[in-house]
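Please read the structure below before turning to the comments.
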2 protein chains.
Amino acid sequence: MQNTGLKTAAIEKISHKEYFNIAVSVDCVIFGYEEKQLKVLLIKSDLKEFEGLWSLLGDLVTPNENLDDAPYRVLLERTGLKDVYLEQVHSFGDVHRHPSGRVVTIAYYSLVNIKSHKLNLTDNELHWHNVAELNSMAFDHKLILDTCLQRLQEKVLEHPVVFNLLPEKFSLRELQDLYQAILGQELDRRNFRKRINLKNWLVDLNEMEEDVPHRPGKLYKLKSGLKKISTDLNRSKPVKTHLV
Amino acid sequence: MQNTGLKTAAIEKISHKEYFNIAVSVDCVIFGYEEKQLKVLLIKSDLKEFEGLWSLLGDLVTPNENLDDAPYRVLLERTGLKDVYLEQVHSFGDVHRHPSGRVVTIAYYSLVNIKSHKLNLTDNELHWHNVAELNSMAFDHKLILDTCLQRLQEKVLEHPVVFNLLPEKFSLRELQDLYQAILGQELDRRNFRKRINLKNWLVDLNEMEEDVPHRPGKLYKLKSGLKKISTDLNRSKPVKTHLV
DNA sequence: AAAGAATGTGTTTTAAGTACATATTATTAT
DNA sequence: ATAATAATATGTACTTAAAACACATTCTTT
């Protein structure tokens, strides 16, 4: 294997059984939002090593599917949703991360509107959990969750992705509550509105909230053309340096 | 496989041969810097499908090594260097990305000081290339390179990582040239110096450049404690929101 | 009709980014 | 030696964004 990279010597060994004993999986951190809480969809682990603990939804990548298609498949199977927002985050591959064998997993997070899909919650091993209240999880899934949450926090500051978690129409108050749930901190209402306005993401619908127990706020929706399903690998705009 | 995630049904299948026909590799985008040019270390592909093209240095992950250890091993074997800066960037796993079989690869970039190691350049299939002049490469390696360069560009704006590409002592001019090579754009000298000063990364050595064909500049070094070998997954500081 | 609670907007202060000019110090050419 | 050249070194004005903060408005509830 030395000094070959993926050159001939290594490639030849791909046909050798010894190099095929690492399995590849994907794990999905499926974020939702409800009642001012950021949620994550988890399933009860049924490994005896992790009895009582919760784990992310994942599956092995099959030989005939593209890596980035696997999390879509998992999501479709679990939630029935297509066209969800998905972003690849990081790969985890410590030798002993999975008790049953060597599994390298690629972590993705996705943003889904809890209301817009009927979970197979008859399968009562599948539940939404408050992200803020989660402690230990099965496998290294707490680390994966934390890593994905961190990525999400960075993402929402500059990109209009949180709208995948909201209904079509929403008030600025709802939007701010969502940002606060994701970022884990209180935001100043006046500065928040200024900032969001500056981003130019929203359309004023000239409608008002209804059935709220207080003064109704104006309703907005995301500008058409800004809704993203997945993250482009290739950046369209040049880097903002702040160093010029 | 349906509706199982990594639950029992799937885990049981890990012992089935059919799920072990995906190989896992790592590919390293090894960045260097010389003569005001950002360089990348490449090897000639010896696959007949990619005759004459260059490819990244990589290798299959062995069953008994942690995923994140594999790129260190590749670097050690290729350059003899330990303690290089390494960052995992993205995974690539399209079904047909490798002509010889199904290989999911995890891409890393690393930053090495070209001068500080003796490449095994007797192996004359290993060469430093100007990143700016590279066009097609073997496999999907051009996409991997572009993705890693993009990540590097974002990284250097906020984190003191470029110093892994420089000698211990350097002038601000050298530092600016390096930033320009990485970012692919000219920077204003006065604003650049102000910005770098604001970061508080450097120590003034009270020494001057020598053997330069012009007025010598002052020499600096990175403040001790700032040199990073690898990127922490877990952020130490809270998110800067700019939304408060 | 008054109190309470949430919406909606604006101003001041501070920090950072951008654009731009001049003096200084060494080398090179005359 | 002197002048020209080229790079270092530093400062100032302008613009934009972030942060801190206050008041009036509208609807619900008492």
Side-chain angles (χ1 to χ4, degrees), chain A residues 35-36 153-154 156-160 166 169-181 183-221 237-244, chain B residues 35-36 153-154 156-160 166-167 169-181 183 185-221 237-244:
Chain A
E35 290 168 358
K36 306 194 181 185
Q153 289 174 336
E154 292 160 359
V156 300
L157 298 180
E158 298 299 332
H159 301 271
L166 287 176
K169 303 175 179 184
F170 51 86
S171 67
L172 290 178
R173 171 61 197 273
E174 289 175 293
L175 185 61
Q176 182 179 343
D177 284 341
L178 172 53
Y179 266 91
Q180 291 178 161
L183 297 172
Q185 58 184 273
E186 299 270 304
L187 304 174
D188 180 90
R189 182 165 40 93
R190 294 155 290 186
N191 292 337
F192 175 79
R193 289 159 109 96
K194 235 182 299 176
R195 223 350 233 238
I196 290 294
N197 194 46
L198 215 58
K199 298 248 182 255
N200 209 23
W201 289 340
L202 303 185
V203 179
D204 186 338
L205 289 171
N206 292 312
E207 295 177 52
M208 304 300 276
E209 284 182 301
E210 288 173 18
D211 303 319
V212 286
H214 51 71
R215 172 180 173 187
K218 293 206 275 185
L219 289 176
Y220 296 81
K221 67 166 187 170
K237 300 177 186 172
V239 212
K240 286 189 204 163
T241 65
H242 303 300
L243 281 168
V244 178
Chain B
E35 291 168 358
K36 306 193 180 184
Q153 289 174 338
E154 291 161 1
V156 299
L157 297 179
E158 297 299 331
H159 301 272
L166 287 176
K169 304 175 179 183
F170 50 85
S171 67
L172 290 178
R173 171 60 198 274
E174 288 176 294
L175 186 61
Q176 182 179 342
D177 284 341
L178 171 53
Y179 266 91
Q180 291 178 162
L183 297 172
Q185 58 184 271
E186 300 269 306
L187 305 174
D188 180 272
R189 184 161 38 91
R190 295 155 290 189
N191 293 337
F192 175 79
R193 289 158 109 96
K194 235 181 302 175
R195 224 351 231 238
I196 290 294
N197 194 46
L198 215 58
K199 298 249 182 251
N200 209 24
W201 289 340
L202 302 185
V203 178
D204 186 338
L205 289 170
N206 292 311
E207 294 178 52
M208 304 300 276
E209 284 183 301
E210 288 174 18
D211 303 320
V212 285
H214 52 71
R215 173 180 172 184
K218 292 207 275 184
L219 290 176
Y220 296 81
K221 66 166 187 168
K237 300 176 185 173
V239 212
K240 287 190 204 163
T241 65
H242 303 300
L243 281 168
V244 178

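A, B, ... follow the sequence lines: proteins, then strands. Residue 1 opens every chain.
When rounded to the nearest whole Å, the span between CD of A:E158 and P of D:dA17 equals 12 Å. The distance from atom CG of B:N197 to atom C1' of D:dG11 is 13 Å, rounded to the nearest whole Å. Taking atom CD1 on A:I196 and atom C1' on C:dT9, their separation rounds to 16 Å, with Å as the unit. Between B:F192 atom CZ and C:dA19 atom C1' there is a gap of 18 Å when expressed in whole angstrom units. Straight-line distance from the CD atom of B:Q185 to the C1' atom of C:dT18: 13 Å, rounded to whole Å. The interatomic distance linking A:D188 (CG) with D:dA20 (C1') rounds to 8 Å, in whole Å. The distance from atom CG of B:L157 to atom C1' of C:dG17 is 14 Å, rounded to the nearest whole Å. Rounded to an integer number of Å, the gap from B:M208 CE to D:dA7 P is 16 Å.
In terms of the side-chain hydrogen bond (donor to acceptor under 3.5 Å, both in side chains) criterion, residue partners of B:N200 (sequence neighbours excluded) are, by chain and number, B:K223.
Two residues, A:V212 and B:E209, neighbour DNA chain D, and the one matched to the more 5' nucleotide by heavy-atom proximity is B:E209.
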Where do N or O atoms of nucleotides 21-24 of chain C meet protein N or O atoms at under 3.5 Å, pair by pair?
from, atom 1, to, atom 2, distance (Å)
C:dA21, N7, B:R190, NH1, 2.5
C:dA21, N6, B:R190, NE, 3.3
C:dA21, N6, B:R190, NH1, 3.0
C:dT24, O2, B:R215, NH1, 2.4

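Closest approach of A:E158 to A:W201, counting heavy atoms only: O-CZ2, 3.6 Å. Closest non-hydrogen pair, A:Y179 versus A:V156, comes out as OH-O, 3.0 Å. Nearest heavy atoms, B:K36 versus B:D177: CE-OD2, 3.3 Å. Annotation for A:D204 and A:K218: closest pair OD2-NZ, 3.0 Å, computed over non-hydrogen atoms.
You'll find that the side chain of A:R193 is closest to C:dT7, out of C:dT7, D:dG11, D:dA9. Each of C:dT18, D:dA19, C:dT7 was ranked by its minimum atom distance to the side chain of A:N191; first place goes to D:dA19.
Evaluated for a side chain to side chain contact (heavy atoms under 4.5 Å, CB included) with A:F170, the options A:L219, A:L202, A:L205 yield exactly one hit, A:L202.
Under 4.0 Å is where a charged nitrogen must lie from a carboxylate oxygen, and between B:E209 and B:K169 no such pair does.
Between the side chain of A:K194 and the base of C:dT11 there is at least one donor-acceptor pair of N/O atoms closer than 3.5 Å.
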